[in-house]
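Below is one structure; the comments refer to it alone.
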There are 2 protein chains.
Amino acid sequence: MGLHEFYKVEYLDEILFLDAFGKNLKRLRKERGLTQEQLAIDLDMEISQVSRIERGIINTSIGNVNAIAKVLKIEHKELFNFSD
Amino acid sequence: MGLHEFYKVEYLDEILFLDAFGKNLKRLRKERGLTQEQLAIDLDMEISQVSRIERGIINTSIGNVNAIAKVLKIEHKELFNFSD
DNA sequence: AATCTAATAGGCATATTTGCCTATATTTAT
DNA sequence: ATAAATATAGGCAAATATGCCTATTAGATT
């Protein structure tokens with residue numbers, strides 16, 4: 001079905017953003033040949049959280065953005081570098 | 001006194017990051033002649049939250065990063081563009 | 001097909017953020 | 001110096017993220 005079935009219209013922009021952010025993270029992770037489990041270990045985070053972030057169902061923190069950038073050895077901006 | 005007086009060493013990197021992020025946001029906001037109150041209104045957020053974010057005492061969400069970038073009419077990466 | 005690996009899903013308790021509120025402090029303008 | 005505007009501070013309840021756990025599904029390999 002893709003994305004969420006129900007949502008408040010006011011938050012649609014955020015939902016789309018979280019979805020795009022997650023897809024981008026998944027792409028960057030796979031490009032480096034990492035599994036969700038390995039990324040979770042490196043981040044000292046639960047694998048279920050990594051999964052939730054990549055699926056765009058949670059609104060994670062900028063602290064995690066910082067940690068992810070460090071682990072993936074990329075700049076913060078790369079995590080936000082997606083057309084939509 | 002600057003920053004926090006007590007913290008767990010493991011989280012020092014995150015504390016420094018949140019502090020830098022907040023200072024950068026404050027700079028970007030002032031450059032555009034906005035008060036915390038006006039920014040809060042535009043973001044549909046509490047002024048106390050804007051204050052907490054700028055002071056680096058909370059770890060806000062990527063959804064707010066997205067909203068802030070939109071309101072300030074800047075790219076996401078600008079919010080992370082600080083030396084340290 | 002069977003097995004192994006990776007990812008998704010969700011429940012529940014805890015931690016953290018956020019909204020709402022009031023009060024105080026700091027800065028700016030008169 | 002006084003007043004007005006702006007920012008900081010913190011308490012409390014509600015909302016949300018996270019950790020920990022188990023189970024299920026999807027994908028890859030043999």
Side-chain angles (χ1 to χ4, degrees), chain A residues 1-8 10-68 71-72 79, chain B residues 1-8 10-68 71-72 79:
Chain A
M1 56 182 150
L3 286 182
H4 303 60
E5 290 203 65
F6 305 102
Y7 45 79
K8 294 189 181 176
E10 314 129 63
Y11 304 138
L12 179 56
D13 185 74
E14 180 170 287
I15 289 172
L16 294 176
F17 170 74
L18 295 182
D19 189 72
F21 180 90
K23 284 186 167 64
N24 190 44
L25 169 58
K26 186 168 197 162
R27 179 183 63 80
L28 290 165
R29 171 179 61 79
K30 286 193 167 179
E31 276 177 11
R32 283 154 187 76
L34 290 175
T35 63
Q36 287 186 342
E37 189 176 26
Q38 189 56 55
L39 179 59
I41 291 170
D42 293 346
L43 292 172
D44 192 26
M45 178 192 290
E46 282 293 315
I47 182 176
S48 60
Q49 273 303 97
V50 173
S51 175
R52 288 187 270 227
I53 294 169
E54 289 190 352
R55 282 177 288 140
I57 66 178
I58 58 170
N59 191 4
T60 195
S61 66
I62 59 175
N64 282 335
V65 166
N66 186 45
I68 292 168
V71 166
L72 296 186
L79 287 165
Chain B
M1 56 182 149
L3 287 182
H4 302 61
E5 290 203 65
F6 306 103
Y7 45 80
K8 294 189 182 177
E10 314 130 63
Y11 305 137
L12 180 55
D13 186 75
E14 179 169 288
I15 290 172
L16 294 175
F17 170 74
L18 296 181
D19 189 72
F21 180 90
K23 283 186 168 64
N24 190 45
L25 170 57
K26 186 168 196 162
R27 178 182 64 79
L28 291 165
R29 172 179 61 79
K30 287 193 165 180
E31 277 178 11
R32 283 155 186 77
L34 290 177
T35 64
Q36 287 185 343
E37 188 176 27
Q38 189 56 55
L39 179 58
I41 291 170
D42 292 346
L43 292 171
D44 192 26
M45 177 191 292
E46 281 293 314
I47 182 177
S48 59
Q49 273 304 98
V50 173
S51 174
R52 289 187 271 226
I53 294 169
E54 290 190 352
R55 282 177 288 140
I57 67 179
I58 58 170
N59 193 2
T60 194
S61 66
I62 58 175
N64 280 336
V65 166
N66 186 45
I68 292 168
V71 166
L72 297 185
L79 287 165

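Residue numbering restarts at 1 for every chain, and letters A, B, ... go by the order of the sequence lines. What you see below is based on every heavy atom in this structure, not just the backbone, and it leaves out hydrogens, waters and symmetry mates.
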* Asked: Rounded to the nearest 0.5 Å, how far apart are CD1 of Ile53(B) and OG1 of Thr60(B)?
  -> 3.5 Å
* To do: For each nucleotide in nucleotides 7-20 of chain D, reading 5' to 3', give B when a protein heavy atom comes within less than 4.0 Å of its base, S when such contact involves only the sugar-phosphate, and - otherwise.
  => SBSBB-----SBBB
* Expressed in angstrom and rounded to an integer, what is the separation of Ile62(B) atom CD1 from dT17(C) atom P? -> 15 Å
* To do: Give a yes or no answer on whether the side chain of Asp42(A) reaches the backbone of Val71(A) with a donor-acceptor pair at less than 3.5 Å.
  => no
* To do: Search all heavy atoms of Leu25(A) against all heavy atoms of Ile68(A) and return the closest pair with its distance.
  => CD1-CG2, 3.8 Å
* Applying side chain to side chain donor-acceptor pair (under 3.5 Å) between Glu54(A) and each of Lys23(A), Gln36(A), Arg27(A), Gln49(A), report the one that passes. => Gln36(A)
* To do: To the nearest 0.5 angstrom, please state how far the OH atom of Tyr11(B) sits from the CG atom of Asn59(B).
  => 11.5 Å
